[in-house]
Amino acid sequence: MMVNGDIATPTRTKALLQKHGFNFKKSLGQNFLVDVNIINKIIDASDIDETTGIIEVGPGMGSLTQQMAKKAKKVIAFEIDQRLIPVLGDTLSEFNNVTVINEDILKADIAHHVTENLSDCDKIMVVANLPYYITTPILLNLMQQPLPIDGYVVMMQKEVGERLNAQVGTKAYGSLSIVAQYYTDTSKVLNVPKSVFLPPPNVDSIVVKLMEREQPQVEVDDEKAFFKMTKAAFSQRRKTISNNYQSLFMDGKAKKDIIKNWLDTSGIDPRRRGETLSIQEFAHLYNELKKFPELEL
Ligand code: SAM
């Protein structure tokens, strides 16, 4: 059996590109990590041990996968690019605890693969250097399905990471912060320089940690409707919630007074902007909405 060295070095990565005649596809967000230190920091933040199951999105040539396979019980890695499957067969040949799945993460039956491969793991983490062009749909899709995921340590474009982790009242705070913080406890792990990727991306990067809450942060009876309501508060960021909510409800302009009444009875000043409302205040507004059947989501 051949024992491979670290994949995440510029020399090794370039050698593999050449050996397999591989060329990067920008449209798939292919920026490979060539720095083992960064990989180790991602792994440290993920608290991986021999009972952990990992879901990786986009293993690329296996730079992160390889280091996780050394520590975790099992890794399942979803890779859309068929050209990378033989490369991964080569680079990960020494591991029997890695399953590479040649599927689009947005279309795959993740629950099925988790049951099939990770049901004997004590905890399950999503750890990935994500394809940046679909960061938000990937995370929302994973969070909003009933999957046994304990947390996420994921690299993404800096601005998106800042939105996930944003505090109320800041510029970055918006509907994405609310969805993420509804399900998870968010924190920043580290900023990552462009120089650790091949090729370097055009944007700055950040690693963010999201740990699933035992219960969502607030209680609402219909998550979809709740998120529709919170999203509408930010549809035009410079407008007041009163104005933004007139565009949310059918015939909203004509229901201006009812909307004002709803906001007033909820104790929320209609002149406030969405970015000043905490998730608890949004949940309160949502629950009060039941008293106003004219305002249907
Ligand atoms: N993990 C590798 C690394 O850090 O070196 C590669 C990370 S690269 C930023 C993103 C990877 O996601 C690429 O390998 C790309 O082919 C893959 N990818 C892009 N879209 C995908 C999708 N919809 N489903 C699964 N993988 C995808």
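Indexing begins at 1, ligand by ligand and atom by atom, following the structure's order.
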Kindly confirm or rule out an N or O of L130 lying under 3.5 angstrom from an N or O of ligand 1.
->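 Such a contact does not occur with ligand 1.
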Basic-acidic side-chain contact under 4.0 Å: [X], [Y]:
X: E103; Y: K107; answer: no
X: K19; Y: D90; answer: yes
X: D35; Y: K41; answer: no
X: K73; Y: D122; answer: no

May I ask you to identify the nearest protein heavy atom to [atom], giving residue, atom name and distance to one decimal place in Å?
atom: atom 3 (C) of ligand 1; result: S63 OG, 3.2 Å
atom: atom 24 (N) of ligand 1; result: I105 N, 3.0 Å
atom: atom 2 (C) of ligand 1; result: P59 O, 3.2 Å
atom: atom 9 (C) of ligand 1; result: G29 O, 3.1 Å
atom: atom 27 (C) of ligand 1; result: I80 CG2, 3.4 Å
atom: atom 14 (O) of ligand 1; result: E79 OE1, 2.7 Å
atom: atom 23 (N) of ligand 1; result: D104 OD1, 2.9 Å
atom: atom 19 (C) of ligand 1; result: L28 O, 3.2 Å

Check ligand 1 against [X] and write out every atom of the ligand that is under 4.0 Å from a heavy-atom position of the residue.
X: L84; answer: 14 (O)
X: E103; answer: 24 (N), 25 (C)
X: N129; answer: 3 (C), 4 (O), 7 (C), 8 (S), 9 (C), 10 (C)

Measure from the side-chain N and O atoms of Q181 to the backbone N and O of A166, and report whether any donor-acceptor pair falls under 3.5 Å.
->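 At least one qualifying donor-acceptor pair exists.
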Checking Q18 side chain against A15 main chain: does a donor-acceptor pair fall under 3.5 Å?
->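 Such a contact is absent between Q18 side chain and A15 backbone.
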Y182 and its side-chain hydrogen bond (donor to acceptor under 3.5 Å, both in side chains) partner, picked from Q144, E223, Q217 |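 The residue from Q144, E223, Q217 that satisfies side-chain hydrogen bond (donor to acceptor under 3.5 Å, both in side chains) with Y182 turns out to be E223.
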Is the cationic atom of K253 (NZ for Lys, CZ for Arg) positioned less than 6.0 Å from the six-membered ring centroid of F249 and within 45 degrees of its normal?
->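 Cation-pi check for K253 and F249: fails.
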